[in-house]
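The structure appears right after this line, and notes come after that.
Atom set for the values below is all heavy atoms of this structure, side chains included, hydrogens, waters and symmetry mates excluded. In what follows, chains are A, B, ... by sequence order, proteins preceding strands, each numbered from 1.
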Amino acid sequence: MIQRPRGTRDFLPEEMFSRRKIEEKLREIAERWGYAEISTPTFEHLELFTMKSGESIIEELYTFKDKGGRDITLRPEMTAPVTRVFLNELKSSPRPLRFYYFANCFRYERPQKGRFREFWQFGVELIGSDKALANAEVIALAWEMLKSLGIQGDLRINDLSILREKLGHLSQEEQNKVLRMIDKKDLESVREFLRGKMEENEIGGLLELVNFRGSYEEAGEIAEISETLRELCELLEIYEVNYSVDLGIARGLDYYTGVVFEIYAEGLGAQNQICGGGSYNLARVFSSIDAPSTGFALGFDRIMEICEKKAEISKPLVLVSTDGVKKEAIRLAMEIREKWPVVIDVMGRSLSAQMRYANSIGAEFVLIVGEKELQKRKLTLRDMRSGEQVEINFEELLELLDKKREDRVCD
RNA sequence: GCCGAGGUGGGGUAAUGGUUAUCCUGUGGGACUGUGGAUCCCACGAUCCGGGUUCGAUUCCCGGCCUCGGCCCCA
């Protein structure tokens, strides 16, 4: 048998149903905050991602040549595509622009818990501002989304300009290299790398910073805190977001400019980051247009793993019919479907076999239609739980189903 | 790319270097042509793939693939 490719998953109806529920919730919140959905192609020119992150990431991309010889890749993330859309068609729109997306992305990596080769990200991008107001809004939105799902994450924020200033005398490239080491918490390499480039006590100070984690006030005691970070912290208080300042968060990416943040959650093993984001200026990388932005991406699959809200799929009404009345049964099903999901027998089964089927799929109700019912212009509705059975006409049936629906909404 | 554990019907399992691979569940049909859940009967359905050792491999060995956990990486 043909297996599914490594690192991919099949989602069966039950799981798909809960995924949709969660997705809907996230959408709803994004829209309430004034973010509008955007969708981009599943594949893009390879260049879009190599310009952003360098050639080395090709290792982790699904790339191929199309029949015209173009270098194409499956998207590994959504920030670059959204920036491309902005530059292609929206660069003269009133700012700020607020977008959200829910998209499958692809990375050729070793699968493990919470990491797949095809995975889903739910993210937002706020294009046009790098003010603390924008950072705070985006962080608060991420917080709100997780909160609505009952997830209490560990949110850590930082301002890269603090570290960059300490490294001010190094070249941009060297700075990025150090930030990468810091992101990986490889402090030995940092010490090694900086030896000779900085005073020994300066290096010590830097490493102390990187290890710091605590409140904004405490951070102020050991470092020159940027105005942006100060403002951001004040705003987050107003948004009622729980956070800590972690001067060691670096997010290994060259184009992050100022505020960065990550959210971690329990119960995920090694891959415990469920959200990452910050302010960036990717438009500058692709063009001469200046568009400071801020955004985040939620790891949708990891979120699904944590919030095990098993929503139950509502079962359709099973319309059971006898041999002689199949056409009438179909007409009836069509009418009821305007109000309620209905399935009919397509196996050519006997009445008792149809009943057995209804029972085995856990149907709540069975509607029985046969010659007897047709003659009396009635329908037989059986409650499969209680076993009670009533004869009613079509209008009464619809009323009953309406009432049933209301009960369900109340649940 | 690296390390460790594992892979037997759709799901869960037993066993074995040698006759037809066990049991539970499932699915289809029947007992039961106007009423489900119980019971009984019949049927369907598996040793991940390739190579090696062997008279004979599902079993032992090697490689691959896949899953799980960890490392690396995570733009």
Side-chain angles (χ1 to χ4, degrees), chain A residues 1-10 12 44 46 48-61 73 75-81 83 105-117 119 121 123 176 179-181 183-186 250-256 260 262 268-278 280 282 285 295 297 299 302 305 318-325 345 347-376 379-391:
Chain A
M1 261 313 286
I2 298 173
Q3 300 293 314
R4 96 185 94 84
R6 187 172 165 80
T8 63
R9 289 156 298 158
D10 300 310
L12 304 185
E44 295 270 3
L46 174 60
L48 180 65
F49 301 105
T50 52
M51 271 178 80
K52 176 190 166 201
S53 318
E55 297 289 328
S56 62
I57 62 144
I58 293 181
E59 295 296 310
E60 289 162 14
L61 296 179
T73 187
R75 60 187 175 205
E77 52 100 25
M78 286 296 287
T79 303
T83 303
C105 299
F106 306 83
R107 293 182 194 178
Y108 193 86
E109 293 182 294
R110 180 79 163 77
Q112 56 180 270
K113 189 176 174 66
R115 181 201 277 174
F116 306 94
R117 288 182 173 178
F119 58 96
Q121 288 198 327
N176 290 338
L179 287 182
R180 256 172 227 278
M181 293 176 196
D183 189 45
K184 286 183 215 165
K185 299 278 175 284
D186 184 4
R251 289 201 63 67
L253 281 181
D254 305 354
Y255 62 85
Y256 278 105
V260 290
E262 299 183 341
L268 280 168
Q271 307 299 321
N272 62 346
Q273 191 186 323
I274 53 173
C275 178
Y280 57 88
L282 199 50
V285 177
R302 293 179 188 175
E305 199 134 329
V318 176
L319 195 156
V320 166
S321 58
T322 55
D323 260 346
V325 301
D345 172 57
M347 301 282 281
R349 281 177 170 136
S350 70
L351 185 85
S352 67
Q354 290 181 54
M355 292 297 293
R356 209 177 305 134
Y357 169 75
N359 178 62
S360 68
I361 65 166
E364 274 180 86
F365 289 101
V366 164
L367 188 67
I368 301 166
V369 191
E371 274 104 19
K372 263 197 316 203
E373 282 80 7
L374 280 188
Q375 273 169 15
K376 286 200 275 186
L379 302 162
T380 300
L381 183 70
R382 182 177 179 85
D383 183 321
M384 293 297 274
R385 299 227 174 111
S386 64
E388 279 166 32
Q389 199 161 299
V390 286
E391 287 209 339

* **Euclidean distance for P, G11(B) against A46(B) (whole angstrom)** => 12 Å
* Under-4.0 Å side-chain N/O to phosphate OP1/OP2 contact, R110(A) with G69(B) -> no
* Structure fact -> C66(B) -> Watson-Crick or G-U wobble partner, both distances under 3.5 Å, gives G6(B)
* **V318(A) vs F365(A) side-chain heavy atoms within contact, under 4.5 Å** => no
* Asked: Any idea which of C71(B), G34(B), G37(B) is nearest the N359(A) side chain?
  -> G37(B)
* Hey, is the side chain of Q389(A) pairing donor to acceptor with the base of U35(B) inside 3.5 Å? -> yes
* **Distance below 4.0 Å between R107(A) side-chain N/O and C74(B) OP1 or OP2** => no
* Reckon Q273(A) touches a base, only the sugar-phosphate, or nothing at all at heavy-atom distances under 4.0 Å? -> nothing
* **Distance, P atom - from U58(B) to G18(B), rounded to whole angstrom** => 11 Å
* Going by modelled atom types, is there a donor-acceptor pair between the base of C73(B) and the side chain of R115(A) at under 3.5 Å? -> yes
* What nucleic acid atoms does G7(A) come within less than 4.0 Å of, heavy atoms only: base, sugar-phosphate, or nothing? -> sugar-phosphate
* **Proximal nucleotide (of C73(B), U35(B), G70(B)) relative to the K113(A) side chain** => G70(B)
* **Watson-Crick or G-U wobble partner of G28(B), both distances under 3.5 Å** => C42(B)
* Provide the Watson-Crick or G-U wobble partner of U19(B), both distances under 3.5 Å; none if there is no partner. => none
* Base, sugar-phosphate, or nothing for E59(A), non-hydrogen atoms under 4.0 angstrom? -> nothing
* Asked: Can you check the D345(A) CG to U33(B) P distance for me, whole Å?
  -> 15 Å
* Distance in angstrom units between M181(A) CE and C73(B) P, rounded -> 12 Å
* **d(CZ, R4(A); C1', C66(B)) in whole Å** => 9 Å
* Base, sugar-phosphate, or nothing for G276(A), non-hydrogen atoms under 4.0 angstrom? -> nothing
* To do: Decide, yes or no, whether a salt bridge links E388(A) with R382(A) under the criterion of side-chain N to carboxylate O below 4.0 Å.
  => no
* Asked: If you look at every strand shown and take non-hydrogen atoms under 4.0 Å, does L61(A) touch a base, only sugar-phosphate, or nothing?
  -> base
* Distance between P atoms of C41(B) and G34(B) (Å, rounded) -> 26 Å
* To do: Round to the nearest Å and state the distance from E109(A) atom CD to C72(B) atom P.
  => 13 Å
* Asked: Relative to Y108(A), does R117(A) satisfy both conditions: NZ or CZ under 6.0 angstrom from the six-membered ring centre, and within 45 degrees of the ring's axis?
  -> yes
* Atom-pair distance (CZ on F116(A); P on C66(B)), nearest Å -> 15 Å
* Going by modelled atom types, is there a donor-acceptor pair between the base of G70(B) and the side chain of Q271(A) at under 3.5 Å? -> no
* **Salt-bridge contact K113(A)-E305(A) (side-chain N to carboxylate O under 4.0 Å)** => yes
* Given that both distances must come in under 3.5 Å, which nucleotide forms a Watson-Crick or G-U wobble pair with A57(B)? -> none
* Would you mind reporting whether Q354(A) and M347(A) have side-chain heavy atoms less than 4.5 Å apart? => no
* Candidates G70(B), G36(B), U67(B) - which lies nearest the side chain of Q112(A) -> G70(B)
* Whichever of A363(A) and D323(A) has its nearest RNA chain B nucleotide further upstream toward 5' -> D323(A)
* Structure fact -> Checking N1-N3 plus N6-O4 or O6-N4 for Watson-Crick, or N1-O2 and O6-N3 for wobble, each under 3.5 Å, the partner of U35(B) is none
* Asked: How long is the line joining CG of L367(A) and C1' of U35(B), in whole Å?
  -> 13 Å
* For RNA chain B, whose closest nucleotide is more 5', that of R349(A) or that of G370(A)? -> R349(A)
* Classify the side chain of R356(A) versus the base of G37(B) as yes if they form a donor-acceptor pair under 3.5 Å and no if they do not. => no
* Using the C1' atom on both, measure G7(B) against C49(B) and round to a whole Å. => 12 Å
* Asked: Heavy-atom distance under 4.5 Å between the side chains of F116(A) and E109(A), does that happen here?
  -> no
* Sticking with atom P, work out how far G69(B) lies from U59(B), rounded to a whole angstrom. => 27 Å
* To do: Mind listing the closest non-hydrogen atom pair of F49(A) and E44(A) along with its distance?
  => CE1-CB, 3.8 Å
* Nearest-Å distance once atom C1' is located in both G51(B) and C44(B) -> 33 Å
* Asked: Base, sugar-phosphate alone, or nothing: which one does E262(A) contact when heavy atoms must sit under 4.0 Å apart?
  -> nothing
* **Interatomic distance at C1', U13(B) relative to G9(B), whole Å** => 11 Å
* Structure fact -> C74(B) -> Watson-Crick or G-U wobble partner, both distances under 3.5 Å, gives none
* To do: Starting at atom CE of M347(A), determine the distance to atom C1' of G29(B), rounded to an integer number of angstrom.
  => 10 Å
* To do: Figure out the OH/C1' separation between Y357(A) and U27(B), and round it to whole Å.
  => 13 Å
* Asked: If you measure from the C1' atom in G30(B) to the same atom in G10(B), how many Å do you get, rounded?
  -> 23 Å
* Asked: Between M78(A) and Q121(A), which heavy-atom pair has the shortest distance, and what is it?
  -> N-OE1, 4.2 Å
